[in-house]
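Take a look at the structure set out below.
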Amino acid sequence: MGLKGLHFHDLRHTGNTLAAQSGASLADLKARMGQDSDRAALIYHHASQGADRKIADALDTQVKSERPDDDDGLAGALVPAG
């Protein structure tokens with residue numbers, strides 16, 4: 001590829017990780033990778049699930065820090081009209 005330290009496998013790994021993070025199913029990942037085994041595809045699925053948890057936790061922290069102290073937790077909750 002002409003770039004020191006960058007190998008084709010690095011691009012394959014990045015592409016599969018991004019595919020998993022975008023919501024690709026296990027079957028999609030297997031087809032993309034040319035794999036019959038779930039094991040290889042699960043590596044990418046598990047990596048994306050861990051990232052999702054970290055992102056969700058960070059968003060939760062940010063939302064809680066922006067909420068007024070007197071909020072009863074019902075801000076934005078849907079309630080019946082009438």
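- The residues R32 and D28 are annotated as not salt-bridged, no charged nitrogen and carboxylate oxygen being separated by less than 4.0 angstrom.
- At distances below 3.5 Å, at least one donor-acceptor pair connects side-chain atoms of D10 with backbone N or O atoms of H7.
- Inter-residue side-chain proximity for M33 and Y44 is flagged as met; some heavy-atom pair is nearer than 4.5 Å.
- Side-chain N or O atoms of N16 include one that pairs as donor or acceptor with a backbone N or O of R12 at under 3.5 Å.
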Can I get a per-line list of side-chain donor-acceptor pairs under 3.5 Å for residues 35-43, giving both atom names and the distance, sequence neighbours left out?
from : atom 1 : to  : atom 2 : distance (Å)
S37  : OG     : R39 : N      : 3.0
D38  : OD1    : K30 : NZ     : 2.8

